[in-house]
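Read through the structure below, which is laid out as structure tokens, and then see the notes.
Fair warning: this is a prediction, and the values are worked out from it, not measured in the lab. Throughout, a chain's letter reflects where its sequence line sits, starting with A, and its residues are numbered from 1. Values below: every heavy atom of this structure, side chains too, minus hydrogens, waters and symmetry copies.
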Number of protein chains: 6
Amino acid sequence: MTIYVINPNSSQLITDGIDRAVDPMRSAAPVPIEARTLAEGPPGIETQAHVDGVVAPMLAHCAALEENASAFVVACYSDPGLAALREQSNHPVLGIAEASILTAMTLGQRFGIISILSTSIPRHMRYLGAMGVMDRLAGDHPLELGVAELADETRTFERLKSVGAHLRDTARADVAILGCAGMTAFRTDLETHLGIPVVEPCQAATAMAIGRVALQKTR
Amino acid sequence: MTIYVINPNSSQLITDGIDRAVDPMRSAAPVPIEARTLAEGPPGIETQAHVDGVVAPMLAHCAALEENASAFVVACYSDPGLAALREQSNHPVLGIAEASILTAMTLGQRFGIISILSTSIPRHMRYLGAMGVMDRLAGDHPLELGVAELADETRTFERLKSVGAHLRDTARADVAILGCAGMTAFRTDLETHLGIPVVEPCQAATAMAIGRVALQKTR
Amino acid sequence: MTIYVINPNSSQLITDGIDRAVDPMRSAAPVPIEARTLAEGPPGIETQAHVDGVVAPMLAHCAALEENASAFVVACYSDPGLAALREQSNHPVLGIAEASILTAMTLGQRFGIISILSTSIPRHMRYLGAMGVMDRLAGDHPLELGVAELADETRTFERLKSVGAHLRDTARADVAILGCAGMTAFRTDLETHLGIPVVEPCQAATAMAIGRVALQKTR
Amino acid sequence: MTIYVINPNSSQLITDGIDRAVDPMRSAAPVPIEARTLAEGPPGIETQAHVDGVVAPMLAHCAALEENASAFVVACYSDPGLAALREQSNHPVLGIAEASILTAMTLGQRFGIISILSTSIPRHMRYLGAMGVMDRLAGDHPLELGVAELADETRTFERLKSVGAHLRDTARADVAILGCAGMTAFRTDLETHLGIPVVEPCQAATAMAIGRVALQKTR
Amino acid sequence: MTIYVINPNSSQLITDGIDRAVDPMRSAAPVPIEARTLAEGPPGIETQAHVDGVVAPMLAHCAALEENASAFVVACYSDPGLAALREQSNHPVLGIAEASILTAMTLGQRFGIISILSTSIPRHMRYLGAMGVMDRLAGDHPLELGVAELADETRTFERLKSVGAHLRDTARADVAILGCAGMTAFRTDLETHLGIPVVEPCQAATAMAIGRVALQKTR
Amino acid sequence: MTIYVINPNSSQLITDGIDRAVDPMRSAAPVPIEARTLAEGPPGIETQAHVDGVVAPMLAHCAALEENASAFVVACYSDPGLAALREQSNHPVLGIAEASILTAMTLGQRFGIISILSTSIPRHMRYLGAMGVMDRLAGDHPLELGVAELADETRTFERLKSVGAHLRDTARADVAILGCAGMTAFRTDLETHLGIPVVEPCQAATAMAIGRVALQKTR
């Protein structure tokens, strides 16, 4: 039985980053954790059509894994297909956006989200509204870097520091969330720099999945 | 130029009902109104997977109509693909759920929604949260009839009366919304029976689309 | 039968601006649109006493038009007497503040309002609260120009650009609303300048009224 | 200097009830308390047009009292003209709806409102939304008795007991508010009957006004 | 290193129930899980004074465990001292109320809470408000049984079934939460009976703690 | 009979400031007002552990005063023990945070809070959420001065002016609240400087207590 972390875009680089991000948790997990790439996905999920478009292949992908799964993690910050996968699967299903927000709600009173693009923000706002947690949001600010552009680590980290400081000092966030699965490499350094907790959503969701696998044993 | 009302399920019966529902508005509309069936859709949209699954074919369907379109109406109460179609099209795009709620907000202070199934309700709640209008909701109650079952008009109307009365008297709704594109036939009779405004969402969205076509002329 | 757009202040200049703003819509409207001045109103509606004071004469004015009306639009951004006129009239009644907000909710996720004076803002906040849509508000910022001062078009447009940019960039609005019936002349230019949709409320409400006149045909 | 409690309807019976309700507080008040009838008001305020229509005469009435006033209380549960009177007067101005709600917020976590008519409820909902306190509302239920009908004390008290019990047991209110200035006579008996705090709004607002008169001495 | 689950009341019976409830999770946990009784606590935490009163001894109790702790779980549904313990400890700290609510938010759209006493409910409402999740609440209904009375298992289960059904059918909850640490024995049977997910809060918080212990390894 | 204003920290200087702040109200109060120091409290209440820790001694302190009390005011901006004291006492109990917020809600539409430390703000946010009034908050900004540091009046007033102006101009507060019992000396000067109402919470709560003592006479 395995916790499957599904990267619904087709970028193996992103999947590799997720794999590295969750690797330290493997020693504490009761089951293996496997990061997978959705071959049918676009290179990056940057529009609503991307979000909606990956649902059907992702559901098929996960259906094929159902028998061997302990839990599923949807590893895109738009949580594509989360509700549909919950309807389909008998296992715990977590989305990295939802899980990161719920985790942040235990680490601070007002969370800030660092998004890739300003066009992501309306999508996030709809999602926070659907979750009913708008009163806990301090702000959501963009790096203005697309998924592919995150690979320039120097520039990305500069922007992360600047946007993170703005969320902390002006929007008064007391916890920050990395709003894309492609920022895994920066969590520790950014937390050190900012001095407030920084949540990496793939890690947060996988941690929650580990707990759920344990919880399933009580059922 | 045409207002296209897209039924994203494949039931021609539903499309025919929509066509009849908007027919009286044609004389007041500045452009033709055409109700269309999405052949690729399921017979009824009853799960989140149905909702997500129709987005891609619907976007393709609408892309082919873009050049001749004045406006698009997405005629399913889950507003599938609404955000994606807005990103894709240069024309006004309205969803029947959103439009019916915005319309109800001008006809009463607290709206009640009559859903087909109780499994639809969590989806509606997420949507109302995303719209940020939960404080205007009186309640959302199901007929416990699937899309196909709505065709039994006697039974459907009995349930509509009973659920509608419950929303009015117990949940204290002062306006009711028919929460499915398959209930077009009942609006007038139900409004007469309940004595509070009843909004049929295909009509509400098409009315709003007519206004938007007029508004486009100021741009 | 006519859509009456009632300017509840006594400034014919404002009424003329409204008339010009809705003029392009006339070719798409099923009935005539007539902009009217409430002679009993103050030159500009800038205080709560102004708002409350125009209700009685406006109700009388509209009662006299009831028989020939298809719909009423209350064309002041405080929507004076909107609830009372709805109780009085058998026709659709729309207010420009409410209609502009509902329209903006279909064009973006977070709307910004450009007010004339900072003293208008508490009134707007009460109204947004009453509408239950505070979670969709990005911000409400004033030009600090009274109704009469709007006539200096150069100064007004400078302020509109500056306040609009602040709403877009700092408050993160993705759609802007002109928060006074006296800014009709600036919508197109401001939208071009800002690069996000700009809603002129008299146009938005009249568009919605045109839709409602069509919708009435289904009743 | 005097605390003026203005009954904006023209029913002296209601004013007399208010006078009796606040009479025990006179011994504890630093200034006289005078209940006054607005001669220009309707016999009862039951529609939005009534609410809006009394504002202008009430403002004039209060302007004439300004020089001798310590504070004003607007004694109608729709708080007509509250914002306008605050703009006009240099003294503390309290409305009985607002004050009763703020008082109830210190006596329980969820308040229930007992309204006269179901047509009052949308008005109350708009007001609670404007106050931003919808999350504290347990429910608002009507007696279905007009202002004049409240005079039949036996029937009124029967309805109060029944609606109050429903708010307590079904809507889970832990404090109840009498939603009309014409129910002053019933507070004590209803509180005894229900076993939860019952707030009479004229008393609550006058109590708050007494505090404000004391507070003014610190300015 | 150990996950300490602190029962802040002094009833060993409750602690034993918690121990049994989390026992199946031990095989999946990376560290031992130890349920402890706060000797200084009252037999049951039923008033706000109880809640506030256990904070100081619980902080001292946990300070003595800090060096050996992997995480702390506060096992009382009022989450006494949660914020204070977070300020004191360097380890993850979870409260059973908060964790059960966050868990329920991933299992359904509207959660219902089954409380012991109606006097618990205002405390819960304040807490849900502080968490900013009121829009996700379907209802909170009491068994009207004190902590000690829960020991009568037949009566307790009868009440649980009745209150749970009411939350599901009338309040329209799609997930239920057991609102006291003393109901551990009933989760499975109640879930089977109701047909919707039932969250036992000690299990939910311990599951989340297991995940956090894994997450700490990434830091 | 006496209104007891309990300073739950042990700083007599703070108590003396409270005494001076409420002194002008004594001539308007129906009973004596006595400011008391809780000897068992810490010198300043700056952490959640401080807040929770003073509850038990404060309850004991107030129990001894119960027989002679007309009302209690808890004079710390975290309102420690407010709910517990309400459960214990038969008299009106007011907290300075709650009372200042309710008062501010009648003086403006959006209140700003001036806190001592940024670590106070999450605690305030939880409290505003529990009160259900987040939509009325403009912002909460810190002086970054501890309780003891407030004694440097020149520096404190400089910071108050700067933070107050920021709340007024950037956060768009139209009323400001002094978020600590140790700022009593600055209210008048700050109000003059800012030009918007400034609420001193000990005064606001005592004023409300005076009203409640009067209100008790109607019971």
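Within the 4.5 angstrom heavy-atom criterion, only side-chain atoms of F:R86, from C-beta onward, approach chain D. Proximity to chain D (any heavy atom under 4.5 Å) is restricted, for F:L107, to the side chain, taken from C-beta onward. Looking at F:Q109, the atoms closer than 4.5 Å to chain D (heavy atoms on both sides) all sit in the side chain, from C-beta outward. Proximity to chain D involves both the backbone and the side chain of F:Q203, based on heavy atoms less than 4.5 angstrom apart. Of the atoms belonging to F:M134, not a single heavy atom falls under 4.5 Å from chain D. Only the side chain of F:E191 comes within contact range of chain D, with at least one heavy atom under 4.5 Å from a heavy atom of that chain. Only the side chain of F:T188 comes within less than 4.5 Å of a heavy atom of chain D; its backbone N, CA, C and O stay farther away. Looking at F:R26, neither its backbone nor its side chain comes within 4.5 Å of chain D, counting heavy atoms on both sides. Residue contact with chain D, scored on non-hydrogen atoms closer than 4.5 Å, is absent for F:A99. Residue contact with chain D, scored on non-hydrogen atoms closer than 4.5 Å, involves the backbone and the side chain of F:T103 alike. With a threshold of 4.5 angstrom between heavy atoms, F:A209 does not approach chain D through any atom at all. Contacts between F:A130 and chain D at a heavy-atom distance below 4.5 Å involve the backbone alone (N, CA, C, O).
Aromatic ring centres of F:Y4 and F:H61 lie farther apart than the 6.0 Å criterion allows.
Contact count against chain D (heavy-atom pairs under 4.5 Å) is highest for F:T106 among F:L94, F:L215, F:T106, F:V22. Comparing D:M105, D:M208, D:R219 by how many heavy-atom pairs each has under 4.5 Å with chain F, the most go to D:R219. With respect to chain F, the highest number of heavy-atom pairs below 4.5 Å among D:A29, D:A21, D:A28, D:P92 belongs to D:A28. Note: D:E98 leads D:Q216, D:E200, D:E98 in heavy-atom pairs under 4.5 Å with chain F. Heavy-atom pairs under 4.5 Å with chain D were tallied for F:A204, F:G95, F:P30; the largest tally goes to F:P30.
Between the D:S89 side chain and the D:H91 main chain, a donor and an acceptor come within less than 3.5 Å of each other. Panel note: side chain F:R187, backbone F:V198; a donor-acceptor pair is recorded below 3.5 Å. Side-chain atoms of F:N7 come within 3.5 Å of backbone atoms of F:S11 as a donor-acceptor pair (strictly under, hydrogens ignored). Side-chain N or O atoms of D:R123 include none that pairs as donor or acceptor with a backbone N or O of D:S78 at under 3.5 Å.
Between D:T37 and D:T15, the side chains place a donor N or O and an acceptor N or O closer than 3.5 Å (distance only, hydrogens not considered). Looking at F:H124 and F:S115, their side chains do bring a donor and an acceptor atom within 3.5 Å of each other.
In this structure, F:F157 and F:F186 have parallel ring planes: the angle between them is below the 30° cut-off, well short of the 60° mark.
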| task | For side-chain contact (heavy atoms from CB on, under 4.5 Å), just list the numbers for D:F111 and D:L167, CA-CA rounded to whole Å, side-chain angles, deciding distance to a tenth of an Å, and then say yes or no. | result | CA-CA 9 Å; D:F111 56 86; D:L167 286 169; over 6 Å; no
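Looking only at side-chain heavy atoms (C-beta outward), F:I121 and F:P142 come within less than 4.5 Å of each other.
In this structure, the separation between CD1 on F:I96 and CD1 on F:I18 is 6.5 Å, given to the nearest 0.5 Å.
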